[in-house]
Amino acid sequence: MIKKILVANRGEIAVRIIRSCREMDILTVAVYSDADRKALHVLYADEAMHIGPSPSVESYLNIENIIRAARLSGADAIHPGYGFLSENPDFSARCQEEGIVFIGPPPRAISMMGDKITARKTMMDAGVPVVPGAGGKITSEDEAISIIGEIGLPVMIKASAGGGGKGMRLVTRNKEITAALRAARSEAKSAFGDDAVFIEKYIESPHHIEYQILADNHGQVIHLFERECSVQRRHQKIIEETPSPILTPQRRRQMGEAAVAAARAVDYRGAGTIEFIVDKDLNYYFLEMNTRLQVEHPITERVVGVDLVKEQIHIANGKPLNFAQEDLKQQGHAIECRVYAEDPDNNFMPAPGTVTHIDIPYGVGVRVDGSIYEGFDVPLFYDPLIAKLIVWGKDRNEALERSRRALKEFKITGVKNNLRFLERILHAKGFIGGDYTTHFIEEHKDFLMREEPCEDHCEDIVMITAFMEYLRKIRKASPREMSTLKNNWKDYNRVRNVLKL
Amino acid sequence: MIKKILVANRGEIAVRIIRSCREMDILTVAVYSDADRKALHVLYADEAMHIGPSPSVESYLNIENIIRAARLSGADAIHPGYGFLSENPDFSARCQEEGIVFIGPPPRAISMMGDKITARKTMMDAGVPVVPGAGGKITSEDEAISIIGEIGLPVMIKASAGGGGKGMRLVTRNKEITAALRAARSEAKSAFGDDAVFIEKYIESPHHIEYQILADNHGQVIHLFERECSVQRRHQKIIEETPSPILTPQRRRQMGEAAVAAARAVDYRGAGTIEFIVDKDLNYYFLEMNTRLQVEHPITERVVGVDLVKEQIHIANGKPLNFAQEDLKQQGHAIECRVYAEDPDNNFMPAPGTVTHIDIPYGVGVRVDGSIYEGFDVPLFYDPLIAKLIVWGKDRNEALERSRRALKEFKITGVKNNLRFLERILHAKGFIGGDYTTHFIEEHKDFLMREEPCEDHCEDIVMITAFMEYLRKIRKASPREMSTLKNNWKDYNRVRNVLKL
Amino acid sequence: MSYEIKLQNRIARVELLSRQGDQLLVAVDGKEYSLDFVRIGKGRYSILHKNKSYNVELIPVNGIKKYHVNTFKNTYEVEIIDAESAYLASRHQGQEDDDEAVISSPIPGKVMKVYVREGDAVEAGQTLVVIAAMKMESEFKAPKDGIVRSVSASEGQSVDARQELVTIEFSTENTKS
Amino acid sequence: MSYEIKLQNRIARVELLSRQGDQLLVAVDGKEYSLDFVRIGKGRYSILHKNKSYNVELIPVNGIKKYHVNTFKNTYEVEIIDAESAYLASRHQGQEDDDEAVISSPIPGKVMKVYVREGDAVEAGQTLVVIAAMKMESEFKAPKDGIVRSVSASEGQSVDARQELVTIEFSTENTKS
């Protein structure tokens, strides 16, 4: 049984993992880079160990330093969180060698799902639908052109080793093929050190829908239903919800079965996510598998009623899942809003800085997972995600209304952030309707970027308040101005009194 | 349809009601006494109106002032919260006269349930079990003695108009009867202006279990299952949970049916609670009905998945309930801990003061409803309840573990409070076992009041930190001391260096 | 640089031995601690000691010598004893065992019951008065055996915070000093 | 006692006409407001105006004249314009329409792409460089039409915050001033 877990991550996910460990009476070891000595996960863990300079390659991605920290602290398991080393098969293998439990899948499953072409082939063999396209890596232009002829335009050219939108090119016209192919390969080369690409049918009006799965070491694989993740900007998710507003019960079940089949095909263990692309007719295609916990896992936790981090630890402990597929149900509706330290007025550039003030929403149906506190410097080295708002309602409408209420209460000062932008999304007709695609943000840019007008006298009230605060401060500084003011009051009152006579 | 609600209350419940109104796009009017100008409900509402001096009789209990505030603000409905005017039939009637919707039951239901003897008789007629005892008010001593003879000792003598433990006396021996009777009557007289008492069989090892009910204006009455409220001190609830750890499915269903019958017997409308006393053999007896929302309603909201304030407003709007009894299920387990501004080291005396610092718990399964903020003065005029921690888990064990985790994260400084006492309760074997009675606190006093020893070096670390903070401050004040310190360092380092040679 | 520090009932001498940036070497009653000591906000510190992570929050109580202290697990009262405090403490020592007690309520309220009269002999723990305040009734009891010297509270009366209610003169083995 | 206050793009004169305890009478560009005005904490105010409840939080930005302001619904930037600020603002007026722009990244990162060379003509909105920072790639674009005067960034290079990447000289109808 695991007694002490080293959390090889930072930010909200490290804090979130430590919370569940605490509830299970498991000790935790945080690791930190130079930039993170004051980070919340360091403060919150039982122990903390320094693992290197601020750039993540030298700290959170440094396998040797993390393994050393685990050995020195006597941790018997490592939880990798998401990002960083979570999908690195070498790290998983290295933990095995060291006799440290890696809370995640075995190296082989990570490797098989990490390479898009292997994954695609494995899924086809397992009968899981994949997007029509080429089955192997393409290295010559002629081959590419003939394949595109077979599939038919539009197509998407993708880096074989890729992710995050890098090395991706959409081709809608014949004359674009060569240029797009070259651009994709050069981008793939520079981003991943590998210029192999593959070609897929481009899905118009696509929905990004993913399935949470859990697989134990005793042959049981179940899914915990879907998450709708189509609200994206630059392939980065912003708002997720579950259940998906577009799925039918029948399609939900079919896709769940496909997700379980996909996980079984790589002999998966632990928690993972099967991402599907779904077209407007609800045809679904395997996109990729994330062999780790997702940022958006809390909406599944809320609607299915399962603590996924605890389940990961139970599985790592060799315990069988203590529920079967038929025990699980979706109860109500949950929405997650991701709060980023970024500047909506400056092309959503990451905006690190010092948090001077936070108001966090509370009350019925509201969960907040975050990593900031007043006085904290959001470092510029890492992902700008600083908090997640997870809201539950008995149905989608209540979840929406409650999310709006909670976002209104949510204030972060000192660090530019997307809170007001998130509010705008929840007021957009396209989102309220529920049938939005991954093009949603782009298509609604004008509405989403518009400033909400100030109602009533609020601007005047704001100016008055700033004025009064300023008076307060200069009075403290110079008592002489005070007496001038008093004289003014007298004069004014005299005038008023005269008028009243 | 209600468009603007005046919330005739203060504290956490006022804030909680406003939250649901906001989610429904209903405007809110807060009311406040002199002491409450800076209270959170005033800050949080859309509008706020002053209704009188600090003592509640002159403000929150002042019907005229509240009605005037409702008229001036154009509110079309009043939500009374709990306490104050929530169970005052005159207030409910007065709202009706004024054409203002009272969000609560009609005056008749409040009156019938407000008088214990009428309530008892009504319940007996409706076939709801009541505690064996006298059916009417007792005004002579001889009558009392003969009735006690019939019921058999032990018995409880209770003020007919009472509540909150006032005018209550337990009699276990014959020779105590006269003295107890006199004491109860005199206490009843002074507390309620009425010395009528009644006599009931005293239930040993009693459990306090209550049922939440909802009744619409279309004849539908349903229950939302039970809450176990046996952790009490001086008849004041401290921790509540649902489901009750002692009920069997069969008994749960029977008591639910009895609760619905009880509400039907007074033609109840809105949200209400039927309180039962349950003995060790699971015999249950009607105790009283609270014709309003309860402090502990959030645990029902969490486990049943219904926002009770919204349901109250729907019912007040004349809408039929949009779920039937068979649609409702208990999902997982919820525990509420009540945080009071009180001094555990001084007999739990209410302890008003200024909140200098708060750390509120977050994360999976945690809800906080509160009314304090940093800098807020907890006034001494009102109930010392300042926050409620509501925690959900997939089963009782997880809810317990998570509550402990959340309580550990919860810190309130500047105002003495019972947070550490609550933590002790959740570690008490008697509570963990689940079969605790209303005598729990009394019986476990020694365990609950014990200080948790400090592990490791934490006391030394605390002293070092205070020391360093003090140095920091005196250095700012007198740079001269600084130089002395520097010399000391030099000396020390010199010594160290010599030793290393 | 060293001071005596009082934590609850314990007094220890704390001495800063050396400091290099965030690295402290400190002794508490001679026991040495090597700490990574970082200030994360006003009165808030993060301390790593042998990799263990401690968070300590200090909330000053009247001035700079007394603090409410929160750690993750406990809360404490801590006081810095320097020359001036030490002098005050020594002066106060003699008065610790007072021979009488004035019973008063820390908060305003209404007197519900007065159980004693002037001249009554009372036992430790015996209820003297009942005050209703903040929706609760609270019983005020005799801290030791003694004689009621005066009763200023009357039933039904409203009382202010710290207003005298009852004064008890304690009985002692060797009678009065 | 009055000052000009700037809120986003609006400037108004705010004048305190009278004050009785928490009751203020204030004019904003001559429009009178009667307010119940209470300070609830550092930079935090509760204001009742015709019963409407407003909460305003002011977070100072460098000194006492500039604030980030949070209300329940919006966030603003507000600046007090007194004699000194007014002078600075007038001095700055002439420079507002600069004839060149230095493109730099607000945060450190790595140069992924440089699309222009010295002497290139660029159009408003055209991407000049791509910087990877905080896990994101960001494109830096030309704010107006112009000519690239210098390129200091090279692909693969790490850059500091505010380090010059590209300088653009803007094209203008009436050429240079």
Side-chain angles (χ1 to χ4, degrees), chain A residues 4-8 10 14-15 17-19 21-23 25-52 65-66 68-76 354-358 371-379 413-415, chain C residues 5 7-8 10 12 14 16-28 31-78 80 134-135:
Chain A
K4 191 189 266 193
I5 293 177
L6 181 141
V7 181
R10 62 176 303 284
V15 175
I17 292 164
I18 297 171
R19 285 208 166 98
C21 291
R22 231 179 250 300
E23 291 172 17
D25 245 334
I26 293 171
L27 290 171
T28 51
V29 182
V31 293
Y32 63 97
S33 69
D34 286 348
D36 271 344
R37 171 62 182 86
K38 300 180 184 181
L40 197 59
H41 69 290
V42 175
L43 310 185
Y44 192 60
D46 295 304
E47 301 176 29
M49 302 198 55
H50 180 250
I51 48 160
N65 288 5
I66 290 171
R68 192 178 314 122
R71 263 193 273 123
L72 283 173
S73 62
D76 41 20
T354 303
V355 178
T356 50
H357 188 79
I358 319 178
S371 61
I372 57 172
Y373 58 85
E374 288 179 11
F376 179 64
D377 273 303
V378 178
T413 311
V415 171
Chain C
I5 312 270
L7 179 140
Q8 326 280 68
R10 182 183 157 208
V14 181
L16 178 57
L17 302 176
S18 78
R19 174 173 202 161
Q20 297 284 334
D22 297 336
Q23 307 304 311
L24 300 189
L25 187 68
V26 192
V28 178
K31 182 169 179 186
E32 286 188 17
Y33 287 90
S34 173
L35 306 174
D36 185 292
F37 189 88
V38 172
R39 188 166 181 269
I40 58 169
K42 202 179 162 194
R44 304 181 67 194
Y45 292 88
S46 164
I47 299 133
L48 301 183
H49 173 244
K50 294 183 176 167
N51 300 330
K52 281 227 161 57
S53 176
Y54 297 87
N55 304 309
V56 182
E57 279 176 305
L58 302 157
I59 296 102
V61 183
N62 304 328
I64 61 168
K65 285 181 185 165
K66 261 194 177 172
Y67 300 93
H68 283 295
V69 183
N70 293 327
T71 65
F72 192 70
K73 293 194 175 140
N74 297 74
T75 61
Y76 301 95
E77 306 249 336
V78 177
I80 315 295
M134 276 178 108
K135 276 192 62 188

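Note that this is a predicted model, so its numbers are computed, not measured. Just so it is clear: chains get the letters A, B, ... in the order the sequence lines come, proteins before strands, and each one is counted from 1.
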[atom1]-[atom2] distance between [X] and [Y], expressed to the nearest 0.5 angstrom:
X: C:K42; Y: A:E374; atom1: NZ; atom2: CD; result: 12.0 Å
X: C:K52; Y: A:S73; atom1: NZ; atom2: OG; result: 10.5 Å
X: A:D46; Y: C:Y54; atom1: CG; atom2: OH; result: 10.0 Å

Inset, instruction - Let me know if A:A48 has heavy atoms under 4.5 Å from chain C in its side chain, its backbone, both or neither. - result: both
Legend entry - A:F376, part contacting chain C, at a heavy-atom distance under 4.5 Å: neither
Legend entry - Side chain C:N51, main chain A:E47, donor-acceptor under 3.5 Å: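 Checking the backbone N and O of A:E47 against the side chain of C:N51, no donor-acceptor pair under 3.5 Å is found.
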Inset, instruction - Going by the side-chain contact (heavy atoms from CB on, under 4.5 Å) test, name the single residue among A:M49, A:R37, A:H50 that passes it with C:L48. - result: A:R37
Inset, instruction - Can you establish whether the number of heavy atoms outside A:K4 located under 6.0 Å from its atom NZ is more than 12? - result: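 Counting neighbours around NZ of A:K4, more than 12 heavy atoms of other residues, nucleotides or ligands fall under 6.0 Å, so yes.
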Legend entry - Interchain contact, C:D22 with chain A, by part (heavy-atom threshold 4.5 Å):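 Answer is neither: C:D22 stays 4.5 Å or more from chain A.
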Inset, instruction - Can you see which heavy atom on C:R39 is nearest to which on A:K38, and at what distance? - result: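 In this case the closest contact between C:R39 and A:K38 is O-NZ, 3.2 Å.
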Inset, instruction - Specify the closest pair of heavy atoms between C:S53 and A:V42, including all atoms of both residues, with the distance to one decimal. - result: OG-O, 2.7 Å
